[in-house]
Amino acid sequence: MRIDLHTHSNVSDGTDTPTELVEAAQLAGLDVVALTDHDTFEGIAEATAAGGRLGVEVIVGIELSATYRKHPVHLLGYGCDPSSPELAAELAKIRASRRDRIGLTCQRLNQAGVSITLADVATAAGSASSIGRPHVADALIKLGHVADRKEAFRRYLSPGAPGYVPRYATPLEHGIKLLAEAGGATVLAHPWGRGGEQVLTPEVLASLKDAHGLDGIEVWHQDHDDEARRQLGRVAATVGLIPTGASDYHGTGKVNHPLGVNLTPPKSLERLREKISSRSG
Ligand code: AMP
Ligand code: ZN
Ligand code: FE
Ligand code: FE
C-alpha cells in the first residue's frame, strides 16, 4: 500500500488541477492520496470523482493555517465534513484575510522598488479559491524579478522581507477542536520544519495530544532531516501520536517534492480511520 497524505492542487497554491493531481498519483503508483489544500475543500469533489475513475482512493483533507504562541503552524485534517458550518465559517475568514493582504503586499513591494500589481497576482492565482504568497511568487517570476518561488520567498515574501504581510490564522487549539467536531482526525504538518522545533517541543506535542486531542504528527516530510525523523518518530511512539508521512506535493516542477517521496505506514492510516469513524457518530 502506497499512501501519500499531504498534497496541494491549484485550488490553493499547487499547480495541478485536482484531476491532474489524481492522475499523477496513479502514475506514481499511489493507492491512497489525500488532497490537503490550504484552507479550502473546493478541490475535493473533483479529486474524488477522478479517484473513482482511476482507482485511487482520495481522502478528504485540508491544511488549516493555524498559530501556536504566535508562530504559524499547519494543521492537517482528514475525513472532516466540508459542510460543517463552524469550520466553513472559519475557513472563509482565513481565505478573506489571505485575499485582503495581497493589496498591501503589492504596495510594500512597490515601495521596495519591485513593480507588481494586484492584477499580476490575480492572473497568477487563476481560479484558486485560497490565495497565498506562492501566487505572488509566481507573479514575481513571470515579471522577471526572481527565478523561482524559493528566491521570491527569500528576497521578498518571508517574515522580515519587504513584501511580507501577516494575515489571520486560527489558534491551534481551536483548530484541533473545529476539525474534530467536523468529524475529522488531526495531524500536525511538518512540526519541525522551518524552525518549528523551537516551538513544538516534545513536551508541547504531548500536551497538544493530552490537553487538546491532537491525533498525529507528520514525521516523514522533506522539511525533516533523518535525525528529526528519528526523534519525531520516537516522540510519536512515546506519546501515542499517530506518525504519518507525505510529499507535500505542490505540482510538477514547482517545489521539488515528487508525489510519494514520503509515505504513511498503512497502520497509521488505519489508526486515523478509527479516529474518523469514532467522531462521525
Ligand atoms: P501562505 O499560505 O501565503 O502563508 O504561504 C505559505 C506557503 O508558501 C507554504 O504553505 C508553502 O506552500 C509555500 N512556501 C513557504 N516557504 C516557501 C519557500 N521558501 N519556497 C517556496 N514555497 C514556500
Ligand atoms: Zn502550499
Ligand atoms: Fe504546510
Ligand atoms: Fe502543504
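One-based numbering, in listed order, for ligands and for the atoms of each. All heavy atoms count here, side chains included; hydrogens, waters and symmetry mates do not.
If you look at the Fe ion (ligand 3), the protein N, O or S atoms less than 2.8 Å from it are E63 OE2, H74 ND1, H190 NE2.
The option with the heavy atom closest to atom 2 (O) of ligand 1, from among R98, H38, H74, R133, is R98. For the residues H135, R149, R101, the heavy atom positioned nearest atom 3 (O) of ligand 1 is part of R101.
Annotation: H8 is in aromatic contact with H38 [ring centroid separation under 6.0 Å]. Two rings, from H224 and H190, have their centers 6.0 Å or more apart.
A donor atom on one side chain and an acceptor atom on the other are not found under 3.5 Å apart for D81 and S84. In this model, no donor atom of one side chain and acceptor atom of the other lie less than 3.5 Å apart for D16 and S9. Q111 and Q107 share no side-chain donor-acceptor pair at under 3.5 Å.
Here H250 reaches the Zn ion (ligand 2): one of its N/O/S atoms is less than 2.8 Å from the metal.
With a 4.0 Å cut-off on non-hydrogen atoms, H250 touches ligand 1 through its side chain and not its backbone.
With salt bridges taken as basic N to acidic carboxylate O contacts below 4.0 Å, none links D100 and R167. Taking the charged nitrogens against the carboxylate oxygens, R98 and D13 have no contact shorter than 4.0 Å, which rules out a salt bridge.
For ligand 1, the atoms sitting less than 4.0 Å from at least one non-hydrogen atom of D13 are 7 (C), 12 (O), numbered in the order shown with element in parentheses. The R167 neighbourhood of ligand 1 comprises atoms 1 (P), 2 (O), 4 (O), with distances under 4.0 Å to a heavy atom of that residue. Near G132, meaning under 4.0 Å from any of its heavy atoms, are these atoms of ligand 1: 3 (O).
Judged by distance alone, with hydrogens and angles left aside, the side-chain atoms of D248 form no donor-acceptor pair with the main-chain N or O of H6 at under 3.5 Å.
Contact annotation: R154 has no heavy atom less than 4.0 Å from any atom of ligand 1. Distances shorter than 4.0 angstrom do not occur between any heavy atom of E63 and any atom of ligand 1.
One finds the OG1 atom of T67 at 11.0 Å from the CG atom of L75 (value rounded to the nearest 0.5 Å). Within the model, atoms CZ of F41 and CG of L87 stand 5.0 Å from one another, a figure rounded to the nearest 0.5 Å.
Between NE2 of H38 and OD1 of D13, the angle at the Zn ion (ligand 2) works out to 90°, rounded to 10 degrees.
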